[in-house]
Amino acid sequence: MTKTAEKIQNFIDGQFVDPVGGKYLDNIEPATGKPYSQVADSDTREVDLAVAAAEKAFAGWSQTSAADRSRILLRIADLIERDLEKLARAESIDTGKPLSLARTLDIPRAASNFRFFATAILHTESEAHITDNVAFNYTLRQPRGIAGLISPWNLPLYLLSWKIAPAIAVGNTAIAKPSELTAMTAFLLCGLCREAGLPNGVLNVVHGTGPNVGAPITAHPKIGTISFTGGTVTGRKVAEACAPLFKKVSLELGGKNPNIIFADADLDAAIAGSVRSSFANQGQVCLCGSRIFVERSAYADFVNRFLDQASKLKGGDPLDDKTEQGAIVGKTQLDKVKFYVDLAQKEGGKIALGGKAPEPINDRCREGYFFKPTVITGLPVSCRTNREEIFGPVVTITPFDNEEEVIGYANDTEYGLASSVWTQNLTRAHRVAEKIHTGTVWVNCWLVRDLRVPFGGMKQSGVGREGGEEALRFFTEPKNICIAK
Ligand code: NAD
């Protein structure tokens with residue numbers, strides 16, 4: 001049994017506090033299916049307290065020099081790195097992801113988020129426009145006030161820090177709501193922020209469910225900026241809540257990402273990259289390539305070698321250093337995965353690999369939420385399995401005959417988050433990339449990250465962009481000052 005950890009309290013005005021009503025939710029460890037800690041079950045009352053703290057802190061923080069804000073954010077990054085092992089372990093227990101992944105990806109990337117925005121604010125430029133002999137204009141970019149930051153369970157610290165860092169770097173104060181399923185690393189981050197000297201009230205974290213905490217944040221009239229990452233259905237509710245109040249909103253939503261392999265690709269690289277993009281974090285990365293399309297002449301070879309490599313992924317206890325496939329985050333998500341595997345078969349698909357839970361790994365994980373990497377072939381492109389987001393270790397593979405056809409397949413979904421194209425033909429790579437309707441196209445790679453590039457989705461994968469300059473602009477309000485000559 002994993003040792004029962006402390007209660008995950010709210011962090012309001014620099015203090016760890018119980019929810020007003022004193023209620024807590026069980027925090028389940030996905031690998032065991034058992035509660036290992038408790039998460040504050042807050043509601044509107046805590047959101048109001050957090051707003052009061054954030055409002056009070058805004059006056060001072062928005063006037064703090066960029067150099068001082070930068071120093072504090074850099075210190076937070078240092079502390080995340082100092083506690084890397086502790087945070088990675090907490091994240092692995094909380095989410096079911098392999099410890100090795102949390103250690104090499106999630107936690108280092110959370111530190112880089114703070115470091116990137118801490119230094120970005122030291123290098124911004126402001127615009128000036130000379131209007132002939134009449135006037136000159138300059139643009140002030142001011143922090144907007146209180147930002148509401150809502151994040152999902154799949155990459156909890158990484159995605160929340162991707163919002164917190166730019167929001168507070170430019171002088172806003174923030175109220176963050178992590179997923180109630182994976183709140184531990186946000187809780188630990190609050191301690192680090194305090195240790196780093198972040199003034200009270202600049203970051204407040206309120207834990208609880210979407211309807212009880214997320215919805216009051218999106219509806220609160222004093223929270224003028226909302227940055228949300230999560231599912232498309234929830235994103236729609238967030239947009240509906242924000243619209244009447246004309247809030248500035250960024251929505252990073254679901255995906256059904258195409259992964260296209262042309263016959264001229266370096267197949268070794270394409271197969272290794274595709275196994276990763278299919279099954280990293282048990283397929284629970286919004287950017288995972290869940291629909292693989294392979295040019296017909298390479299199809300049989302690709303499928304055989306892909307199945308061989310995917311079948312060798314080592315499933316196991318997430319806390320075991322050698323584990324490559326951990327647990328699904330929760331029972332609801334596991335049931336969703338099973339539902340789609342059943343549906344795929346009803347739609348005419350063949351299970352070429354997996355399709356079921358593995359044998360129990362050890363006593364500790366007997367009741368955990370595990371599912372084998374699953375590959376489905378023989379499905380029509382337009383079926384539900386190929387159009388709806390599953391968000392688990394399930395991919396489909398479909399052959400195609402030519403470029404035009406596969407571009408049509410790639411775009412035949414309401415989502416438009418990311419895609420990959422594998423080819424050695426540079427001209428084709430550019431041509432295809434331009435025609436695919438996704439916010440990111442990776443060519444001969446996957447999940448390569450540069451924090452300066454705009455990140456986000458097209459169509460129902462979202463509105464707005466995060467990353468670099470886009471984030472700095474999102475969290476500030478441009479004001480033009482026009483001075484007559
Ligand atoms: P979700 O939409 O269920 O929940 C996301 C967050 O919203 C949680 O904190 C939840 O408590 C909160 N929430 C729920 N109802 C709410 C409401 N009415 N108002 C305000 N907040 C509310 O998503 P999830 O299941 O936690 O995460 C998985 C989804 O996130 C997938 O669809 C995945 O594709 C998406 N995702 C997208 C990106 C991206 O960058 N585009 C990144 C990661 C995950």
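When a ligand or atom number is given, it counts from 1 through the structure's own listing order.
Ligand 1 has at least one atom lying under 4.0 Å from a heavy atom of S179.
Under the side chain to side chain donor-acceptor pair (under 3.5 Å) criterion, the residue pairs touching residues 149-177 are R109-Y158, N113-S161, Y158-R449, W162-E466, K163-S227, K163-T229, K163-E466, K177-E180, with sequence neighbours excluded.
Note that CE of M458 and OG of S419 are 10.0 Å apart. Values are rounded to the nearest 0.5 Å. Atom CG of residue L188 and atom SG of residue C193 lie 11.0 Å apart, to the nearest 0.5 angstrom.
Close N/O approach between V238 and ligand 1 is not found [any backbone or side-chain N/O within under 3.5 Å]. Note: no N/O pair closer than 3.5 Å links T218 and ligand 1 by distance alone.
Of the listed residues (S461, G214, S151), the one carrying the non-hydrogen atom nearest atom 20 (C) of ligand 1 is G214. Counting only non-hydrogen atoms, the option in C286, G230, G254 that gets closest to atom 35 (C) of ligand 1 is G230. Of the candidates K237, E240, K177, the one placing a heavy atom closest to atom 18 (N) of ligand 1 is K237. Across the listed options F391, Y415, F455, W162, F391 owns the non-hydrogen atom lying nearest to atom 33 (C) of ligand 1. Scanning G255, G231, A176 for the heavy atom closest to atom 23 (O) of ligand 1 points to G231.
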For residues 369-381, dump all side-chain donor-acceptor pairs below 3.5 Å to protein atoms at least two apart in sequence or in another chain.
{"residue": "T374", "atom": "OG1", "partner": "G355", "partner atom": "N", "Å": "2.8"}
{"residue": "T374", "atom": "OG1", "partner": "K372", "partner atom": "O", "Å": "2.8"}

